[in-house]
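Below, each value reflects all heavy atoms present in this structure, side chains not excepted, and no hydrogens, waters or symmetry copies.
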Amino acid sequence: MRVFLPSTLPALAEALRSGQVGGSSSGESESGSRSESRSGSESRSGSESKTATGAGTPDPQPGYAVTPALREAYASGDEEELEYAALTEAARASLRMLAHDKTAPPRRVVLAAEIPDEQVKLDARSREPARVLVTTAIPVDRLASAHVDDTEAGQDVRAASEALEAADAGDEDARFAVDGAEGHELGWYATQELSYLAE
């Protein structure tokens, strides 16, 4: 299954160093997200700490894919349009990650990966019909490409990340700021180019 993984440039650099996406503290992107612990320990607020079971299994990480809920939401869309919709949701999740990490360069990052179906769980939400949970860390050799903002988008992306909470609450001016970032198309990068992005 093709899954789009929200990220940031620092998170990408860490993935390249460790050889995998996920499996360590990544600054979970979503406002109000829960820390899911397989060991039954109490959830923690703030930045999620990726805890593991005794076997060292990482907590699930969010991704976005063409799901039954997404197909229902875009009944007339073909496969390419549905994948673009999933990518767009992942880009919004990357924006949330930037809102939590003010030190990260203001460029949305989405990593596309091929992941076995059995490692993906549906987790659709009202505003995110493409949302899934990936139940294992993803080796970097499963990455197919990256989708990243140009540096010229930085000012709009930073403004959008700062306005995101107000936009979620219904503020029209804030929504306009978020739309300003989402008006920028993400550039496509081959896996061979990822190390240059992370520099």
Side-chain angles (χ1 to χ4, degrees), residues 3-12 21-22 25-37 42-51 59-77 81-111 121-134 147-187:
V3 178
F4 297 101
L5 304 162
S7 190
T8 63
L9 289 177
L12 172 59
V21 180
S25 180
S26 61
E28 174 69 72
S29 62
E30 189 171 4
S31 298
S33 62
R34 299 180 301 273
S35 176
E36 298 180 48
S37 174
E42 193 174 84
S43 296
R44 295 180 297 277
S45 60
S47 296
E48 264 189 53
S49 175
K50 295 290 184 181
T51 58
D59 287 341
Q61 58 181 311
Y64 298 83
V66 178
T67 63
L70 186 67
R71 291 185 187 280
E72 184 177 349
Y74 293 86
S76 61
E81 291 171 326
L82 291 170
E83 283 201 352
Y84 184 79
L87 171 63
T88 300
E89 285 191 26
R92 175 69 71 93
S94 174
L95 195 62
R96 294 187 188 283
M97 294 178 75
L98 292 173
H100 282 80
D101 183 2
K102 306 297 187 184
T103 64
R107 299 170 69 184
R108 295 167 299 163
V109 177
V110 176
L111 305 176
K121 296 169 57 179
L122 301 179
D123 190 43
R125 300 182 181 186
S126 59
R127 296 183 181 180
E128 296 181 309
R131 183 180 162 105
V132 297
L133 292 175
V134 181
H147 304 262
V148 184
D149 275 311
D150 291 332
T151 54
E152 290 80 3
Q155 184 174 350
D156 286 341
V157 171
R158 179 64 72 203
S161 69
E162 294 172 351
L164 195 55
E165 185 176 354
D168 286 342
D171 185 289
E172 291 299 327
D173 290 336
R175 285 180 177 175
F176 183 79
V178 172
D179 289 343
E182 295 184 342
H184 293 278
E185 289 289 334
L186 300 181

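With a 4.5 Å cut-off on side-chain heavy atoms, V21 and S7 do not count as touching. Residues V157 and R107 have side chains not in contact (no heavy-atom distance under 4.5 Å, counting atoms from C-beta outward). Counting heavy atoms from C-beta outward, P68 and P129 have side chains that stay 4.5 Å or more apart.
Counting heavy-atom neighbours within 6.0 Å of Q155 CD, excluding the residue itself, gives a total of 12 or less.
Among all heavy-atom pairs drawn from L133 and P60, the shortest one is CB-CB, 3.9 Å. For the pair V3 and G63, the tightest heavy-atom approach, listed with the atom from each and the gap, is CG1-CA, 3.9 Å. Nearest heavy atom pair, residue P105 against residue P10, reads CD-CD, 3.9 Å. Listed here is the closest heavy atom pair of A177 and A160: O-CB, 3.6 Å. Residue P6 comes nearest to S94 through the heavy atom pair CB-N, 3.6 Å, listed as atom of the first residue, atom of the second, then distance. Listed here is the closest heavy atom pair of P62 and L5: O-CD2, 3.9 Å.
Here the OG1-CZ distance, from T8 to R96, works out to 15.5 Å after rounding to the nearest 0.5 Å. For the atom pair NE2 (H184) and CG (D179), the distance works out to 11.5 Å, reported to the nearest 0.5 Å. From T88, atom OG1 reaches atom CZ of F4 across 9.0 Å, with rounding to the nearest 0.5 Å. To the nearest 0.5 angstrom, L87 atom CG is 5.5 Å from H147 atom NE2. Taken to the nearest 0.5 Å, the CG atom of L82 stands 5.0 Å off from the CG atom of L70.
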* Asked: For D149 and L186, what are the C-alpha separation, side-chain angles and deciding distance, and is it a side chain to side chain contact (heavy atoms under 4.5 Å, CB included)?
  -> CA-CA 5 Å; D149 275 311; L186 300 181; 3.3 Å; yes

Chi angles and distances behind the side chain to side chain contact (heavy atoms under 4.5 Å, CB included) call for R92, V178 = CA-CA 9 Å; R92 175 69 71 93; V178 172; 3.8 Å; yes

* Asked: Between E182 and R108, does a side chain to side chain contact (heavy atoms under 4.5 Å, CB included) hold up when you go through it step by step?
  -> CA-CA 10 Å; E182 295 184 342; R108 295 167 299 163; 4.1 Å; yes

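A salt bridge links E172 with R175: at least one charged nitrogen is closer than 4.0 Å to a carboxylate oxygen. Salt bridge R131/E89: absent, no basic N to carboxylate O contact under 4.0 Å.
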